[in-house]
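Structure first, then comments.
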Amino acid sequence: MIASDLNLYNTADRAVSKFVPLSAGKVGIYLCGATVQAPPHIGHIRSGVNFDILRRWLTAIGYDVTFVRNVTDIDDKILHKAVHEEIPWWAVAMKYERAFSDAYAALNVLPPTYEPRATGHITQMIQLMEALIANGSAYAPGNGDVYLEVRKLKSYLTLSNQKLDDLQSADDADLTYKKDPRDFALWKAAKPGDPSWPTPWGDGRPGWHLECSAMAHAYLGEAFDIHGGGLDLIFPHHENEIAQSESAGWKFANIWMHNAWVTTSGEKMSKSLGNSLQVMEILKKVRGIELRWYLGSAHYRSMLEFSFEALEESSVNFRRIEGFLQRAKELLKREIEPSISAQFAAAMNSDLAVPQALADISELVRIGNSAITENNLDAIAKSASEVRGALSILGCDPFDPVFAGSNNAKTEILDGLIALALEQRTAARARKDFAASDAIRDSLTALGITIEDTPTGSRWTVN
RNA sequence: GGUCGGAUGGCCGAGAGGCGAGGCUCAGGACUGCAAAUCCUGCUACACGGGUUCAAAUCCCGUUCCGACCUCCA
């Protein structure tokens, strides 16, 4: 596989350009993960899915990928939640970190190479602050906070293309200690009752921005290839990461990639929508592989307008593809070997043009289904291989053990029982006793089992 | 106020100057004992007004509407 044709969009220059790794054959990615203060909704997980597809593609074209996704396990909201739920802050963080892990697993998002927690990297954060204070970029005014002095930066706000003076200043900016209202906190002084860690400037806890710079540096070094996150992180979070990291003399991220939102009624999802769009709620209605297919089907930089109708349509589309692969496997009497078609590679290399890839997959399925009708095994195998290869990059391979049914022993028993019923039905059809054969089919349909008569015999699927 | 994005057929969703991506729904057909599945055919769209061009959904100017960020955000 030739890895040199990949083109990616870089938020920093707002253009698609050829991807050149900093170190040949290797890619380092840092993705801003969750602040674990509530169960994940599909917007959170779309980000995970989008970057999982990127990671799988980079791996497929031959890169050795180091993928880091952090967990922010200390922040204001977690502390508020702890008070509200009357449990310790670390219990809140653990509870929701697990909820995210479960959701990622249910959607076949591969575990990151490293998944650092903020609270495990206080030492690295203090070292970074010491360096920033030593070189005059940051200051500790004596109240326990530590701020970065943004006026001193020559290239602040270049990612979001804003001017410092155009920013609306916060109403609650406290200039008692800040030199400028837009200076941001690297470190926050401890309030009574809050968790804290000792520093040379007093006890406190990390600011949100500082942790990502420190962790990205710890696992990927002073410069790495791709930094990802949601569109809403561009400002302030990613600008501030750049500010801290460049002030420390690090080159930091080479390319910035941002995924768009899942929207409802044209608006960004928010908590006011309640629980209905939480991942685990939606998984009561569709399978994980179908939710992933839906979330991954739009281009990662396009807004995805969520509706249950669209989700259902997407599931129907997926079942057609899945049905083809199942039939192909039965006819070929062997596992389908995944392969990557030239069209799929071209689409993915074009800034992960998944919608184009999906159109190509549909065409392959159509060709493959026609090959089944003609019983052309070579053509079936070719289509099926390319479909499976594409699906595996998209994380939606129906034969992936992650998505496999749970209980094999029970499946075997079911298989035997239905085979028995189908034998009866085939016999009835042979003697043209259609009343009897239809009665058997109706009974199975009522149980949620669909019967299809094919030239090579009857097959069944569970709805 | 500053910055950024969007408006495409009944619905979802690509494309970014030149044969109307693809999916879903619906209608008709083939196949089938009837179905199911599959295949074939049909449903000819790009917010509005100008302009550039042989040619505009795509480029330019203007307008309307929708949304995001501006120190909690995927």
Side-chain angles (χ1 to χ4, degrees), chain A residues 11 14 31-35 37 40-51 72 75-77 80 150 157 160-170 172-173 181-185 207-209 228-237 239-240 258-263 265-271 294 297-299 301-307 309-321 323-324 327 347 353-363 365-370 372-374 429 432-434 437-438 441-442 445 450-455 458-461:
Chain A
T11 305
R14 302 187 192 281
L31 173 64
C32 284
T35 299
Q37 48 93 18
H41 59 60
I42 52 174
H44 294 121
I45 233 68
R46 181 193 186 189
S47 181
V49 168
N50 286 157
F51 284 97
T72 297
D75 108 317
D76 287 342
K77 283 190 172 179
H80 291 151
V150 297
L157 305 181
S160 59
N161 193 29
Q162 298 178 98
K163 295 192 182 85
L164 194 59
D165 292 326
D166 288 338
L167 295 182
Q168 287 181 351
S169 53
D172 58 352
R182 286 153 297 209
D183 289 351
F184 62 89
W208 178 37
H209 315 302
L231 211 49
D232 45 358
L233 298 185
I234 293 174
F235 182 86
H237 186 51
E239 292 286 11
N240 290 353
H258 294 94
N259 65 279
W261 298 290
V262 176
T263 57
S265 305
E267 294 183 18
K268 183 181 172 185
M269 284 178 52
S270 68
K271 288 225 189 61
Y294 175 65
S297 65
H299 188 87
R301 287 191 284 117
S302 295
M303 303 291 173
L304 177 61
E305 171 67 16
F306 178 84
S307 72
E309 292 75 17
L311 174 59
E312 177 55 27
E313 284 179 7
S314 171
S315 298
V316 170
N317 171 229
F318 182 73
R319 284 179 219 133
R320 170 173 168 260
I321 298 164
F324 162 64
R327 288 190 295 277
V354 174
Q356 179 60 54
L358 261 44
D360 295 336
I361 291 169
S362 281
E363 176 71 2
V365 169
R366 190 183 61 74
I367 291 168
N369 276 325
S370 296
I372 287 176
T373 304
E374 294 157 13
R429 291 179 70 212
K432 303 217 186 294
D433 182 356
F434 297 121
S437 72
D438 288 354
R441 185 171 64 193
D442 290 347
T445 302
T450 303
I451 304 303
E452 296 168 27
D453 297 328
T454 76
S458 299
R459 63 190 296 274
W460 61 277
T461 47

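Everything numeric in this text was worked out from a predicted model, so none of it was measured. Each chain gets a letter, A, B and so on, in the order the sequences are listed, and its residues count up from 1.
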Practice item. Please determine if a side-chain N or O atom of A:K163 lies less than 4.0 Å away from the OP1 or OP2 oxygen of B:rG1. Key: no
Check your understanding: In terms of side-chain heavy atoms, does A:N369 have a donor or acceptor partner in A:R327 at a distance below 3.5 Å?
Key -> yes
Exercise for review: For B:rU8 and B:rC48, measure between their C1' atoms and round to the nearest Å.
Suggested key: 15 Å
Check your understanding: If the C1' atom of B:rC12 is compared with that of B:rC19, how far apart are they to the nearest Å?
Key ->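 B:rC12 and B:rC19 have their C1' atoms separated by 25 Å.
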Within the 4.5 Å heavy-atom criterion, are [X] and [Y] side-chain neighbours or not?
X: A:L31; Y: A:S47; value: yes
X: A:V316; Y: A:E312; value: yes
X: A:R14; Y: A:N161; value: yes
X: A:L157; Y: A:D166; value: no
X: A:H44; Y: A:T35; value: no

Nearest of [options] to any side-chain atom of [X]?
X: A:L167; options: B:rC69, B:rC70, B:rG23; value: B:rC70
X: A:R429; options: B:rA74, B:rC34, B:rU71; value: B:rC34
X: A:S437; options: B:rA21, B:rG33, B:rC72; value: B:rG33
X: A:F434; options: B:rG33, B:rU71, B:rU25; value: B:rG33

Review point. Which atom names give the shortest non-hydrogen contact between A:A260 and A:R46, and what distance separates them?
Key: O-NH1, 3.1 Å
Review point. Checking side-chain contact (heavy atoms from CB on, under 4.5 Å) for the pair A:Q37/A:H80: CA distance, chi angles, key distance, verdict?
Key: CA-CA 9 Å; A:Q37 48 93 18; A:H80 291 151; over 6 Å; no
Check your understanding: Considering residues at least two apart in sequence or located in another chain, which fulfil the ring-ring contact (aromatic ring centres under 6.0 Å, His included) criterion with A:H237?
Key -> A:W208, A:H209
Hey, does [X] reach any base, or is it just sugar-phosphate, or nothing, if we go heavy atoms under 4.0 Å?
X: A:G43; answer: base
X: A:V262; answer: base
X: A:D438; answer: base

Round to a whole Å and report the spacing from [atom1] of [X] to [atom2] of [N].
X: A:N317; N: B:rU25; atom1: CG; atom2: P; result: 9 Å
X: A:D166; N: B:rG1; atom1: CG; atom2: P; result: 12 Å
X: A:L164; N: B:rC70; atom1: CG; atom2: C1'; result: 11 Å
X: A:I372; N: B:rA36; atom1: CD1; atom2: C1'; result: 15 Å
X: A:D75; N: B:rU71; atom1: CG; atom2: C1'; result: 13 Å
X: A:D232; N: B:rA68; atom1: CG; atom2: P; result: 11 Å
X: A:D442; N: B:rC34; atom1: CG; atom2: C1'; result: 11 Å
X: A:I361; N: B:rA21; atom1: CD1; atom2: C1'; result: 13 Å

Please determine, for [N], whether a Watson-Crick or G-U wobble partner exists with both distances under 3.5 Å, and give it or none.
N: B:rC59; answer: B:rG51
N: B:rC65; answer: B:rG6
N: B:rC26; answer: B:rG42

Exercise for review: Mark up nucleotides 5-13 of chain B, 5' to 3', with B wherever a protein heavy atom is under 4.0 angstrom from a base atom, S wherever such an atom reaches only the sugar-phosphate, and - elsewhere.
Suggested key: ------B-S
Strictly under 3.5 Å: I want the nitrogen or oxygen pairs between protein and nucleotides 37-41 of chain B, one per line.
| from | atom 1 | to | atom 2 | distance (Å) |
| --- | --- | --- | --- | --- |
| B:rA37 | O2' | A:R327 | NH1 | 3.1 |
| B:rU38 | O3' | A:N369 | ND2 | 3.1 |
| B:rC39 | OP1 | A:R320 | NH2 | 3.4 |
| B:rC39 | OP1 | A:N369 | ND2 | 3.3 |
| B:rC40 | OP1 | A:R366 | NH1 | 2.6 |

Exercise for review: Would you check, one step at a time, whether the test side-chain contact (heavy atoms from CB on, under 4.5 Å) holds for A:M303 with A:L231?
Suggested key: CA-CA 10 Å; A:M303 303 291 173; A:L231 211 49; 4.1 Å; yes
